[in-house]
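Reviewing the structure listed below.
So that the names make sense, note that chain A is the first sequence line, chain B the second, and so on, each numbered from 1. Remember, predicted model here, so these are calculated numbers, not experimental data.
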Protein chains: 2
Amino acid sequence: MTQQTEILKCDCNVIHQEVVDLVRTTMPSQDKLQELSQLFKVFGDPTRLKILSALFKSEMCVCDMATLFNMTQSSISHQLSVLKQARLVNYHREGKVVYYGLDDQHIQQIFDQGYLHIQER
Amino acid sequence: MTQQTEILKCDCNVIHQEVVDLVRTTMPSQDKLQELSQLFKVFGDPTRLKILSALFKSEMCVCDMATLFNMTQSSISHQLSVLKQARLVNYHREGKVVYYGLDDQHIQQIFDQGYLHIQER
DNA sequence: TGAACATATGAACAAGTGTTCATATGATAA
DNA sequence: TTATCATATGAACACTTGTTCATATGTTCA
């Protein structure tokens with residue numbers, strides 16, 4: 001049976017009920033879409049891509065990245081905290097210096113979920 | 001020679017010049033990063049992911065999508081224009097109805113660039 | 001302990017984003 | 001032509017985001 005309890009925000013008439021019903025059965029869950037778009041959003045900033053791209057090559061401290069990208073230490077630090085929250089990077093402190101690297105394990109996990117795959121050229 | 005003409009926004013001392021220099025040589029260009037992050041940004045919204053996910057299954061008109069997602073026609077239309085600009089979808093008009101589908105050719109082109117790959121589960 | 005330094009973090013701000021509302025456009029049919 | 005309908009679009013709005021500035025935290029060394 002077609003759902004009739006839904007609130008109709010669409011002010012036009014449904015043209016293809018079969019199509020709508022077919023697609024409905026195979027849509028990813030709202031949670032899944034939310035999670036996936038959240039991940040894409042993290043990749044959707046040049047600074048964060050820069051950081052990830054650099055860390056792909058080598059572990060680095062905040063100061064290294066600030067120098068390399070010619071950006072303030074604060075800005076890098078803020079973006080690193082976003083990447084930390086997304087569990088894309090991890091870090092370890094050695095004295096005053098904090099070294100960041102890719103969180104390979106979680107990144108692998110993301111790819112294992114099968115929704116996306118980033119490969120080198 | 002290490003670049004010395006750059007403006008140093010970083011208020012700390014470089015810790016690992018070798019690392020910085022090494023990574024610098026292999027960084028994607030600013031343009032490439034801008035382009036890639038722009039693409040990710042388009043994927044970084046649940047509504048747009050919904051639309052793409054649906055179109056992956058079947059061509060649909062705006063009204064179908066508005067009904068399926070229980071959203072206003074206007075909102076869908078605005079998002080479709082974003083996807084159109086990113087050349088992720090194309091469309092053809094049949095009378096009053098406009099049908100949208102994935103722009104397979106450009107999507108393939110994106111994957112061919114080798115930076116990302118989205119696969120089905 | 002206190003100075004020096006790498007990093008983190010909160011507040012402020014400008015710029016960008018997604019939705020809604022009202023309305024325009026473009027097509028059909030009477 | 002006029003009414004109707006599907007879609008597009010501009011303006012307004014609340015909300016989010018990325019950077020900067022000032023300052024806090026944590027560590028080392030004298």
Report summary line: Sequence neighbours excluded, the answer for side chain to side chain contact (heavy atoms under 4.5 Å, CB included) partners of H106(A) is R87(A), D103(A), Q109(A), I110(A)
Query - Value in whole Å for how far the P atom of dG18(D) lies from CG of L49(A) - result: 11 Å
Query raised in the report: Of S77(B) and G44(A), whose nearest nucleotide on DNA chain D comes first from the 5' end?
Result: S77(B)
Query raised in the report: Applying side chain to side chain donor-acceptor pair (under 3.5 Å), which residue pairs with at least one partner in residues 43-53 of chain B are found, sequence neighbours left out?
Result: Q30(A)-K50(B), R48(B)-Q79(B)
Query raised in the report: What residues form a side-chain hydrogen bond (donor to acceptor under 3.5 Å, both in side chains) with R93(A), not counting sequence neighbours?
Result: none
**Report entry** D64(B) (side chain) donor-acceptor with V20(A) (main chain) under 3.5 angstrom
**Finding:** no
Report task. Return the 5'-most residue of the pair T47(B), V97(A) with respect to DNA chain C, ranking by each residue's nearest nucleotide. Result -> V97(A)
Every protein N/O within reach of nucleotides 21-30 of chain C N/O, cut-off under 3.5 Å:
| from | atom 1 | to | atom 2 | distance (Å) |
| --- | --- | --- | --- | --- |
| dC21(C) | N4 | S74(B) | OG | 2.7 |

Requested in this report: Answer yes or no for K84(A) and Y91(A): cation-pi contact, defined as NZ/CZ to six-membered ring centre under 6.0 Å and angle to ring axis within 45°.
Outcome: yes
Query raised in the report: CG of L80(B) versus P of dG18(C): gap in Å, rounded?
Result: 13 Å
Query raised in the report: Atom NZ of K50(A) to atom P of dT19(D): distance rounded to whole Å?
Result: 9 Å
Requested in this report: Could you check whether S81(B) gets within reach of a base, just the sugar-phosphate, or nothing at all, counting any heavy atom under 4.0 Å?
Outcome: nothing
Report task. Calculate the interatomic distance between K41(A) atom NZ and dG18(D) atom C1'; express it in whole Å. Result -> 14 Å
Report summary line: Of Y100(A) and R48(B), the one whose closest nucleotide on DNA chain C sits nearer the 5' end is Y100(A)
Counting only pairs under 3.5 Å, give me each side-chain donor-acceptor contact of residues 54-61 of chain A, with atom names and distances, residues two or more places apart or in other chains.
| from | atom 1 | to | atom 2 | distance (Å) |
| --- | --- | --- | --- | --- |
| E59(A) | OE1 | H92(A) | NE2 | 3.3 |
| E59(A) | OE2 | H92(A) | NE2 | 3.1 |

Query raised in the report: How long is the line joining CD of Q38(B) and C1' of dT17(C), in whole Å?
Result: 12 Å
**Report entry** Which residues share a side chain to side chain contact (heavy atoms under 4.5 Å, CB included) with I107(B), sequence neighbours left out
**Finding:** L88(B), L102(B), F111(B)
Query raised in the report: So, is Q79(B) close to the dT19(C) phosphate, meaning a side-chain N or O under 4.0 Å from OP1 or OP2?
Result: yes
Query raised in the report: Just how far, in rounded Å, is P of dA6(C) from CG of D64(A)?
Result: 11 Å
Report summary line: To the nearest angstrom, the CD1-P distance between I76(A) and dT7(C) comes to 11 Å
Requested in this report: Go through the structure and list residues passing side chain to side chain contact (heavy atoms under 4.5 Å, CB included) with S29(A), not counting sequence neighbours.
Outcome: D31(A), K32(A)
Query - For atom CZ of F43(A) and atom C1' of dT17(D), their distance in whole Å - result: 18 Å
Query raised in the report: Got a sec? Which of residues 82-92 of chain A come in under 4.0 Å of DNA chain D, heavy atoms?
Result: none
Query raised in the report: Sequence neighbours excluded, which residues qualify as side-chain hydrogen bond (donor to acceptor under 3.5 Å, both in side chains) partners of Q108(B)?
Result: D112(B)
Query raised in the report: For DNA chain D, whose closest nucleotide is more 5', that of D45(A) or that of C61(B)?
Result: C61(B)
